[in-house]
Every structure is written in structure tokens, then in C-alpha cells.
Amino acid sequence: MKELVNKLKGDRVIWSFVALLALFSFMPVFSASSNLAYIGHGTGNTLGYLVKHLAHICIGFLIIYWVHRVPYHYFRAISKIALPVVWILLLYTLLKGTVIAGANASRWIQVPFIGITFQTSTLASIVLFIYVARYLSKTKEENEPFQTSLIQLWVPVFITLVLILPANFSTTALIFAMVLMLTFIGKYPLKYIAFIIGSGVAMLAFFLLVAKAFPDSRFFSRVSTWESRITNFTTDKPDEDDYQIEKAKIAIASGKLGGLGPGKSVQKNFLPQSSSDFIYAIIVEEYGLVGGVSIVILYLLLLFRFVIASHKAPTVFGKLVVVGVGFPMIFQAMINMAVAVELLPVTGQTLPLISSGGSSIWMTCLGLGIIISVTRKEEEIAEDKLEREKRKEALQRLIDKEMAEEDLPADEIYEEEAVYSIEDNSRNPMNAVLNK
């Protein structure tokens, strides 16, 4: 175990926070999966879901370990190659989205021969953020005209968003907001950012108008769901989402300060998606306000560590990668918790590293591996610097010693030779020579 820990490179604090969140997730997932167990096989035995979640977490940590050993500057070239591949996957997902539990789930595709479902938009977001960081780091010292950046930066961004939008509005909005934040941090001109925001709003309005014109098209089937969620959030009209929010608020209110105790949640039997989208409500019900606030603090500390890692990154590309990949994880967590307390409409965003689900955990771990790879390079640079300083100090001590010896008087450097005499009164006439 000690040897394994010693092989882990990069920021140990980030490793620790990730491990804490992953370890904490087991009890809520084990408890909140009871309704899935009743629906699935009618026994209520959640051990299978716990083992499945354990497998997802273990694979996720293997992904972090493998990815963090890759030099992070390799991802600069990988993002440029992977972006067209991601577009093909998104288009395939849009056309061939799978059905989960009888419901339309056009955000997922089923991986052949394995049987697991995969949400392609999560992979697309990571690749897109790295691509944007690559472009901004490349043009930081150059003043490229807006037309050039429009083609090289914003056209790929909008292609990705257009392919995600019909199936997942909340993810599209989150990715667009994070790209704008990344360009702002990368010192992209503000007047151009304002123009891009206006263009994005205009394109969304055009999309909604087309959806109104063709309401029966499968490409616009989710638009009515978005409208109903926003309308019901701003009014008191009851619907299915209000049922989920109501149960979530009952769970939060039942938790009070100390909670009902691990595994003693009541609302997990009534709350849909209790092990994924609304797992935060179950956490507060079982662990109380103390548990809920502790989760928020852990995510905020992880965000603070991302800021430190970005500040210490050796290159501009590394700084932007940490911001672009790390910050969306924290914002996604805040959105998930805000939905549970009805500060935002229902979005379907999971709680990173805590909610059950394979692809969401693995994509989060992929992003964390890239961030730790940046901090690993920073650690290697610090070690090389320390080694150089040690060699320099050793060389300086050697030089000082040589200089000191040159300054000493001759009688202090060399010992006075002993005076020998061949005169000997012993019986052996060779003793004088032998003694010398």
C-alpha cells in the first residue's frame, strides 16, 4: 500500500479530496438505491448496486492513475485530433440515442459488446475545454484578428454546442458559460466575448423558433420539457418535477441538524433518481445539515486547490487546462445541490464522484487525471530545481574548501617531516633504515 501511494505523483491534496468524496459516496449510494432495487427485482437488496458503484469507482481511479502519468502537453495535440471524433459521436448519439427504462434518453449511447451506456456530451466538454485552452495559450502573445479566432475558436465551439443542445440544454448552457469564463481568464478581448454572447442568444432563439415550427420532430422533442420545467419553476403549477422537488425538500427538512442516520432515509423510497440527480437530498436527510455543509465545503476546498494548481502551473496552457477542466466539475456540483433545494429548475446534472453512474464518474476521473498531470509536471520541475540547488551548494562548498586551503600557510598545510637518523645503537644495524 505504501509503495502504491509513493507511485502517485502530482498534487497530494487533490488526491486526498477525491478519495474522501469517493469514500463518502458508498453509504449514500448503498442507501439511496433501494427504490431501484425494488423496481428492478422486487427484493430491495442494494448490495448489487453497491458492488457496481465500487467497480465504477475503482475503474475511475485507474483512469486517474493512467492519465496522470501522461505528460499534460500531449493533450494539446490530442484535443485537436479528438474534436472531430467527438462530433461524430455526438451526431451518432443524436440520431441513435438509446432508451433507458422505457424513456427517451438521446443523451446516451450504448457501447457495443459491453452493454454499458455512455453520455458523449461529458467527453465532448473535456475535449472542447482543452481545445479552447490550447487556442488561447497559442495566441496569448499574438494579436490575431477576430475573423481568424471566429474560424479557429468559435466555429468548433458552436458546432459542439449545436450537437449537444437538442438533447441536453443544461449541459449546453454549462459548457457555453465555462468556455466564456475560460476565454475571459485567457484575456480574450471583452468586446469579442460580448459579441459571442449575443450570437449565442440569437442562435438559441432561432433554435426555439424552429422547434415551435416543427414540434413533432424528434430533434426538438426535449424543448417542451425545458419549457415546462422553466414555467413550473417560476409558477406554482404542479407536475412531475414538482413532485421530485417536493420529496427532496421533505428529505432535507427531515434531516434537521444531525440527520436520521446512515441508511435511515425515508424519502429514498419515493424520490425518483435518488441515487443520482437527487442524492444530495438523501445525504442531508441521513447526515443532516452537518453532512450537507461538509459536502459543500469539500467541493469548495477542491475548487481552492484547483486555483492553487492553476497558479503554480509552469505554462499558460497548463493554467488554462486546470481552470477549464476543473471549474466545471465544481459548478456542476453546485448546480446539483441548488436543484435539490429548488434554487434552480431540474437539470439532470449529477453530483461528481458521489452520484451513481459509470460514465459520469469515469469522465470526472478523466478530467481529474489531466489536472493531476499538470501538477505532476509542476512537481517534477520543483524536484529538478531542488536537485540543481543541492548540486550547486555542494559545488560551492568544494570550491570554498579549495580556496581556503590555498590561503593557509605552508606549515599548516603540510606536516613537518620527521627527522630520522641512521645512527643506531641497537644490535641490528638495519633498524634505522627499517624504521624509516
Side-chain angles (χ1 to χ4, degrees), residues 16-57 101 233 238-302 330 332-358 360-361 364:
S16 301
F17 285 144
V18 171
L20 281 174
L21 289 169
L23 287 173
F24 179 80
S25 69
F26 287 103
M27 281 304 297
V29 168
F30 180 68
S31 174
S33 300
S34 59
N35 59 349
L36 296 177
Y38 277 113
I39 294 173
H41 41 78
T43 63
N45 186 359
T46 58
L47 182 60
Y49 293 93
L50 180 64
V51 173
K52 186 177 180 180
H53 182 67
L54 174 62
H56 291 158
I57 292 292
F233 178 73
D239 73 334
E240 182 181 353
D241 289 339
D242 278 348
Y243 172 80
Q244 298 180 53
I245 293 296
E246 178 186 355
K247 295 301 179 184
K249 290 197 294 186
I250 291 174
I252 292 172
S254 302
K256 297 182 180 178
L257 183 62
L260 301 179
K264 296 182 180 179
S265 168
V266 177
Q267 298 305 316
K268 66 184 180 183
N269 300 313
F270 307 100
L271 182 60
Q273 306 297 329
S274 58
S275 63
S276 55
D277 296 356
F278 287 93
I279 196 169
Y280 184 70
I282 305 302
I283 291 173
V284 178
E285 183 181 12
E286 294 186 351
Y287 300 93
L289 181 64
V290 175
V293 172
S294 299
I295 293 296
V296 175
I297 291 174
L298 272 177
Y299 281 114
L300 291 178
L301 289 174
L302 187 59
I330 310 302
Q332 180 182 336
M334 296 303 166
I335 290 172
N336 176 278
M337 292 183 281
V339 168
V341 297
E342 206 181 6
L343 290 177
L344 291 174
V346 176
T347 60
Q349 299 293 330
T350 58
L351 195 58
L353 293 173
I354 294 182
S355 295
S356 63
S360 62
I361 292 175
T364 300

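All values reported here derive from a predicted model rather than from experimental measurement. Numbering of residues begins at 1 and proceeds along the displayed sequence.
- Note that CD1 of I330 is 9.5 Å distant from CD of Q332, once rounded to the nearest 0.5 Å.
- N336 places a side-chain N or O within donor-acceptor distance of the main-chain N or O of D277, the cut-off being under 3.5 Å.
- The minimum heavy-atom distance between T350 and S360, with the atom names listed, is OG1-CB, 3.9 Å.
- Looking at every heavy atom in both residues, A248 comes nearest to L271 through N-CD1, 4.0 Å.
- Closest of all the heavy-atom pairs between I57 and L353 is CD1-O, 4.2 Å.
- Distance OG/S25 to NE2/H56: 12.0 Å, rounded to 0.5 Å.
- The closest donor-acceptor contact from the side chain of Y299 to the backbone of P352 lies under 3.5 Å.
- The CZ atom of F26 lies 4.5 Å from the CG atom of L54; values are rounded to the nearest 0.5 Å.
- Residues S31 and G263 come closest through the heavy atom pair OG-CA, 3.4 Å.
- In this structure, S265 and Q267 approach most closely via the heavy-atom pair OG-N, 3.6 Å.
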Could you give me the CA-CA distance, side-chain angles and deciding distance for M334 and L300, then say whether side chain to side chain contact (heavy atoms under 4.5 Å, CB included) is met?
CA-CA 10 Å; M334 296 303 166; L300 291 178; 3.6 Å; yes
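- Remark: side-chain polar atoms of Q349 are not paired, donor with acceptor, to backbone N or O of A333 under 3.5 angstrom.
- The structure places OG of S33 at 7.5 Å from CD1 of I279, a figure rounded to the nearest 0.5 Å.
- Note that NZ of K247 and CG of N269 are 10.5 Å apart. Values are rounded to the nearest 0.5 Å.
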Could you please spell out the steps behind the side chain to side chain contact (heavy atoms under 4.5 Å, CB included) verdict for I295 and M337?
CA-CA 10 Å; I295 293 296; M337 292 183 281; 4.3 Å; yes
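- Side-chain contact of S356 with S275: a donor-acceptor pair under 3.5 Å is present, judged by distance alone.
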Please step through side chain to side chain contact (heavy atoms under 4.5 Å, CB included) for the pair I354 and V29, ending with a clear verdict.
CA-CA 8 Å; I354 294 182; V29 168; 5.6 Å; no
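- In terms of modelled atom types and a separation under 3.5 Å, the side chain of Y280 and the main chain of G292 share a donor-acceptor contact.
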Using a 3.5 Å cut-off and no angle test, enumerate the donor-acceptor pairs between side-chain atoms of residues 249-261 and protein atoms at least two apart in sequence or in another chain.
from: K249; atom 1: NZ; to: E342; atom 2: OE1; distance (Å): 2.7
from: S254; atom 1: OG; to: I250; atom 2: O; distance (Å): 2.7

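- Using bins of under 30°, 30° to 60° and over 60° for the plane-to-plane angle, the ring pair F24/Y287 lands in the tilted bin.
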